[in-house]
Each structure stands twice: as structure tokens, then as C-alpha cells.
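Written below as C-alpha cells is the structure these notes are about.
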Amino acid sequence: MIVRQLTCRSAIHSHLYARLRKTPPGSQDMARPSSDLAAFREIFSRAKNIAILTGAGVSAESGVPTFRGAGGYWRKWQAQELATPEAFSRNPSRVWEFYHYRREVMLTKKPNPAHLAIAECEERLSKQGRNVTVVTQNIDELHRRAGSKHILELHGSLFRTRCMSCGHEDANYNSPICAALEGKGAPDPNTNDAQIPVQDLPRCEQGSCSGLLRPAVVWFGETLDSDVLTGAEKVLDSCDLCLVVGTSSIVYPAAMFAPQVAGRGVPVAEFNMEDTPATMRFKFHFQGPCGTTLPPALAEEH
Ligand code: OAD
């Protein structure tokens with residue numbers, strides 16, 4: 001059963017993390033995952049349904065800071081402290097400054113060779129009747145901008161809003177998203193809160209609603225969208241190859257996905273700068289920046 005709430009490995013779901021770390025049965029003398037690219041390519045050439053699970057690391061080479069590395073702070077806070085419903089109800093101005101900053105940064109970034117290799121692979125394989133689906137934890141839309149078509153955004157998007165009053169959800173690429181946020185959101189730890197009055201924060205424009213808007217992203221402690229989650233479960237249940245790219249594999253439920261796929265005997269290949277708590281469960285591990293390791297792994301055969 002998949003836990004449907006977004007959680008970190010601390011707190012109530014630590015038992016799941018423990019489960020993930022527990023040595024799999026009979027694996028006491030388990031070999032490290034292979035880094036044999038030819039062996040991966042052989043499996044890749046036969047795969048019909050490929051699931052690609054991505055996290056912040058896939059966007060790192062586009063200049064987007066990851067969550068848990070250096071640069072994971074905005075002012076004095078980590079994302080986990082601001083990306084919560086409690087933080088938003090306590091201080092909507094601060095949380096909007098944080099998301100405004102992230103939106104504005106993203107508008108200056110471009111997809112990198114890893115995003116492009118994934119998109120190109122999907123297009124090429126679709127002509128052969130083979131499927132590639134991206135299941136991403138990222139909210140930056142870089143897969144979409146690279147040209148990927150089948151994408152499930154588990155944690156929503158920076159460029160969508162949801163009304164706190166009427167629930168209406170919409171795409172929103174305005175820069176700035178509202179006049180009061182113009183020039184605000186500086187990440188420096190000495191910056192003071194802008195303390196924008198709530199009526200000047202982004203507001204709903206549906207009819208006469210004018211309710212407070214929030215970013216349509218999944219915050220810690222919130223439930224993932226059930227359609228997106230069901231879609232992801234379907235993709236992961238039916239894939240015959242899974243790639244797990246640039247994720248620390250510690251935020252649930254996404255952290256369970258690739259180990260579950262590996263548990264049904266399907267080859268899983270991890271592309272990461274380092275080992276993760278899930279690495280030893282996988283058939284392949286390709287260490288290094290995925291902008292370098294992924295393109296040759298997914299390239300056309302000659
Ligand atoms: P993390 O910041 O936890 O992990 C990033 C992973 O990418 C780490 O394992 C790095 O080793 C790896 N990495 C960094 N640069 C890389 C590169 N160039 N190539 C390959 N790998 C690289 O990010 P996520 O796992 O995505 O949730 O975090 C999951 C969720 O936790 C996020 O969606 C976010 C966060 O808090 C929300 O904001 C709701």
C-alpha cells in the first residue's frame with residue numbers, strides 16, 4: 001500500500017524509511033548495483049514501457065538548487081519549513097515571497113541535456129509503439145519545456161495556483177504574479193519579510209471570488225492528488241524498465257516507487273551523484289551528473 005501523504009523520513013513515517021533501509025532478504029552479501037552501460041542498453045533496447053522517476057537532481061545542471069544540498073536554504077529556512085499549510089496560514093506573505101522567488105528564478109532557467117535526452121527518447125520510442133512516462137517530484141516544469149509529453153507532476157507546479165475560497169485551479173505564468181511581489185523574495189538571510197497585506201497577495205479572478213490564491217503544489221503533510229497518484233501507480237505497475245534520476249529517495253510516497261518496482265523483479269537504474277538509501281535495491285547505478293550519464297544511456301542505437 002502506498003502512503004498518500006507527502007512526508008519526510010522523520011516523524012510518523014520513519015517506519016517506512018526503516019523498511020527501505022532494511023537489508024532485503026538474502027542480500028547480506030549483495031553485490032553493488034552494476035554500472036555496466038552495455039548491459040543497461042541491452043535491457044533498454046527491449047523495454048516497451050519505461051517509467052522515469054525524477055527529482056531535484058535532474059534540474060541541478062540547469063542551475064536550480066536541490067533541496068538537501070548546499071543552496072537548499074531560502075533566507076533562514078529550508079523548503080520543508082515553508083512548504084507547509086501551517087506556514088502559509090501563519091504567514092502567507094512570507095510563503096508567497098518564497099514561491100515568487102522560485103517562479104522568477106525558474107523563468108531564467110532552461111532544460112539541460114538530461115531533460116532533453118528524456119524528451120527525445122520519448123519521441124523516438126513512441127514511433128516504435130513504446131512508451132516513456134516521466135513521473136516527477138519537481139514543480140519546475142522543465143520536463144514539459146524540454147518537450148516531454150507524458151508527465152505526471154506528483155507535487156504540482158510552481159506555475160499553477162489554487163484559490164483558497166472557491167478551489168479554482170489555473171495555470172499562471174505572470175511575472176511578477178502580482179504587483180505587491182515585484183522586487184520581493186530576495187533569498188539573502190538578512191532580508192526582512194516584506195509583510196505584504198493579505199489583500200495585496202495573489203487573488204482569485206474567477207467572477208467575484210477574489211479569494212486568496214496559493215501555489216498549486218503539494219505541501220508537506222498534504223495528500224497527493226489522487227488522479228496523479230493513481231496514474232503514477234499504473235505507470236509503475238506496468239513498466240518493464242524504471243529509471244530513477246536525481247532524487248534522494250527520502251520523501252514519501254515517491255521514495256517507495258522505485259524500490260517497489262525493483263521488488264517485482266523489474267530492472268531499475270539509478271542515476272545520481274551519490275548513493276541513496278535505495279541504491280542497493282537496484283540493478284544499476286550510474287554515478288555522476290545526469291546531464292552527462294543519461295544522454296548516452298538513452299541515445300539511439302546505431
Ligand atoms: P533532494 O534535494 O532531496 O535530492 C536531490 C538528489 O539529486 C540527491 O540525491 C543528489 O545526490 C542528486 N543530484 C544532485 N545533482 C545531481 C546531478 N547533477 N545529477 C544526478 N543527481 C544529482 O531532491 P528530491 O529527491 O527531489 O518536495 O526531493 C524530494 C522532494 O523533497 C521535493 O520534491 C521537495 C523536497 O522537499 C516539495 O517541495 C513538496
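Just the heavy atoms: all of them, side chains too, but no hydrogens, waters or symmetry mates, feed the values below. First listed ligand is number 1; within each ligand, the first listed atom is number 1.
Contact annotation for Asn272 and ligand 1: heavy atoms of both the backbone and the side chain come within less than 4.0 Å of the ligand. Contacts with ligand 1 closer than 4.0 Å are made by heavy atoms of both the backbone and the side chain of Ala56. With a heavy-atom cut-off of 4.0 Å, Ala83 does not touch ligand 1 at all. Counting heavy atoms closer than 4.0 Å to ligand 1, residue Glu61 contributes side-chain atoms (C-beta onward) but none from N, CA, C or O. If you look at Trp219 next to ligand 1, there are no close heavy atoms at all, none under 4.0 Å. For His155, every heavy-atom contact with ligand 1 shorter than 4.0 Å involves the side chain, none the backbone.
The shortest N/O to N/O separation between Val218 and ligand 1 does not fall below 3.5 Å. Considering backbone and side-chain N/O atoms, Arg102 never comes within less than 3.5 Å of an N/O atom of ligand 1. Taking distance alone, with nitrogen or oxygen atoms compared against 3.5 Å, Gln137 approaches ligand 1 more closely than that limit.
In this structure His100 satisfies the side-chain hydrogen bond (donor to acceptor under 3.5 Å, both in side chains) test with no other residue, sequence neighbours excluded. Partners of Lys234 by side-chain contact (heavy atoms from CB on, under 4.5 Å), not counting sequence neighbours: none found.
Ligand 1 places these atoms under 4.0 Å from at least one heavy atom of Glu274: 11 (O). For ligand 1, the atoms lying closer than 4.0 Å to a non-hydrogen atom of Phe220 are 36 (O). Taking every heavy atom of Ala60 and a limit of under 4.0 angstrom, the matching atoms of ligand 1 come to 15 (N). Atom numbering of ligand 1 starts at 1 in the shown order; those under 4.0 Å from a heavy atom of Gly288 are 19 (N), 20 (C). Per-residue contacts place Pro289 under 4.0 angstrom from the following atoms of ligand 1 (heavy atoms of the residue considered): 17 (C), 18 (N), 19 (N).
The minimum heavy-atom distance linking Gln287 with Glu274 is given by the pair NE2-CA, 3.5 Å. Contact detail for Glu81 and Lys76: the closest heavy-atom pair is OE2-O, 4.3 Å.
Counted by atom type alone, Ser35 and His285 present zero donor-acceptor pairs between their side chains at under 3.5 Å.
Put simply, no part of Gly291 is less than 4.0 Å from ligand 1, judged by heavy atoms.
Taking a cutoff of 4.0 Å between a charged side-chain nitrogen and a carboxylate oxygen, Arg90 and Glu86 do not qualify as a salt bridge.
For the side-chain hydrogen bond (donor to acceptor under 3.5 Å, both in side chains) criterion with Glu122, the lone passing option out of His143, His150, Lys149 is His150.
Checked against the 6.0 Å centroid threshold, Phe286 and Phe40 count as a close aromatic pair.
Atom CD of Glu104 has more than 12 neighbouring heavy atoms from other residues, nucleotides or ligands inside a 6.0 Å radius.
Both cation-pi conditions hold for Arg214 and Trp219: the charged atom is under 6.0 angstrom from the six-membered ring centre and inside a 45 degree cone around its axis.
In this structure, of Pro277, Gly55, Gly246, the residue bringing a heavy atom nearest to atom 5 (C) of ligand 1 is Gly246.
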